[in-house]
Amino acid sequence: MLPRFDYSVSVPVSVDAAFLAFQDLNRLLHRGIYDEALFVEGKPWEVGSRLRYVVVKPVKTTISAVVNAVSPPRAITLLNHALGVTAEQHVTFGPDLEGGTRVRMTLECVGESTEQPESVIQEAVTFLVKDALDTVVTHCNQRRSPSASRD
């Protein structure tokens, strides 16, 4: 049985800015991890809209996702499916004690892959969860780069 995945980051921007950074799917592209990350049905980031992520690393697969809930700028819930596993993904955004925003992602997985061993799935999910939030950090830092480079 796959464990619960939990990862969080702090970003030096407002909750609103962090929420928008997470919604920018372009942050995932052009790095050799995703070939595609796009909405295939419905209006972006509305309940019921569907996304497709074509992953090339760490495991080649296509993730189908549906937006289950959106509470701007505090939370997004998605239901993801790939490799025989379904994962409920919760992303929350809240003030950080140091003045920025804490972004937290949790994934609850159910199902068993017939395509990959559980250890491979666990490693892939861990990698993709961390990458999803680490790219938010990079995105937010790039937007702040003129003031950040004055150190």
Side-chain angles (χ1 to χ4, degrees), residues 1-13 15-94 96 100-145:
M1 184 163 133
L2 290 169
R4 177 176 193 232
F5 298 88
D6 192 338
Y7 185 63
S8 64
V9 296
S10 291
V11 291
V13 298
V15 170
D16 289 332
F19 188 80
L20 291 173
F22 180 83
Q23 291 179 310
D24 184 356
L25 297 178
N26 288 326
R27 77 183 197 288
L28 301 172
L29 302 174
H30 313 296
R31 299 172 310 112
I33 297 169
Y34 294 88
D35 269 352
E36 189 176 273
L38 57 86
F39 279 89
V40 294
E41 189 177 310
K43 292 182 181 179
W45 301 111
E46 287 189 1
V47 172
S49 61
R50 296 183 179 275
L51 299 96
R52 178 175 57 231
Y53 302 94
V54 177
V55 180
V56 294
K57 175 185 167 189
V59 174
K60 289 186 179 191
T61 190
T62 298
I63 302 169
S64 299
V66 63
V67 177
N68 282 357
V70 179
S71 300
R74 296 295 184 170
I76 297 174
T77 301
L78 298 123
L79 193 62
N80 300 285
H81 183 76
L83 300 170
V85 176
T86 299
E88 188 171 41
Q89 173 184 355
H90 298 279
V91 186
T92 57
F93 305 81
D96 190 343
T101 299
R102 170 71 63 184
V103 184
R104 180 179 182 199
M105 182 185 295
T106 59
L107 250 71
E108 297 280 348
C109 298
V110 296
E112 191 173 312
S113 179
T114 57
E115 300 174 45
Q116 295 286 339
E118 185 175 315
S119 61
V120 171
I121 299 295
Q122 186 170 339
E123 287 175 21
V125 172
T126 299
F127 176 87
L128 294 172
V129 165
K130 287 182 177 183
D131 182 69
L133 292 191
D134 290 348
T135 58
V136 171
V137 172
T138 301
H139 188 78
C140 291
N141 286 336
Q142 286 173 344
R143 294 204 174 253
R144 292 188 77 235
S145 62

Open item on the list: Show me the pairs that pass salt bridge (Lys or Arg N to Asp or Glu O under 4.0 Å) and involve residues 119-135, at least two apart or across chains.
Closed with: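 For residues 119-135: Arg31-Asp131.
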Open item on the list: Filter on salt bridge (Lys or Arg N to Asp or Glu O under 4.0 Å), then keep only pairs touching residues 37-50, sequence neighbours left out; what's left?
Closed with: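 Sorted result for residues 37-50: Glu41-Arg50.
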Open item on the list: Can you classify the ring geometry of Trp45 versus Phe22 as parallel (below 30°), tilted (30 to 60°) or perpendicular (above 60°)?
Closed with: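 Tilted, since the angle between the ring planes falls between 30° and 60°.
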Straight-line distance of [X] [atom1] to [Y] [atom2], nearest 0.5 Å:
X	Y	atom1	atom2	value
Thr135	Asn26	OG1	CG	11.0 Å
Glu115	Thr61	CD	OG1	6.5 Å
Leu133	Arg104	CG	CZ	11.0 Å

Open item on the list: Using every non-hydrogen atom in the two residues, find where Leu28 and Tyr34 come nearest and quote the distance to one decimal.
Closed with: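 Leu28 and Tyr34 have their closest heavy atoms at O-CD1, 3.4 Å.
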Task: Nearest non-hydrogen partners of Ile63 and Leu128, listed with the distance - done: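 Of all heavy-atom pairs spanning Ile63 and Leu128, the closest is CD1-CD1, 4.2 Å.
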Task: Beyond-backbone contact of Val70 with Phe19, side-chain heavy atoms, under 4.5 angstrom - done: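 SC-SC contact between Val70 and Phe19 confirmed.
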Open item on the list: Contact between Leu38 and Arg52 at the side-chain level, heavy atoms closer than 4.5 Å - yes or no?
Closed with: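 Of all side-chain heavy-atom pairs linking Arg52 with Leu38, at least one is under 4.5 Å.
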Between the side chain of [X] and the main-chain N/O of [Y], is any donor-acceptor distance below 3.5 Å?
X	Y	value
Arg27	Asp24	yes
Thr101	Val13	yes
Thr77	Asn68	no

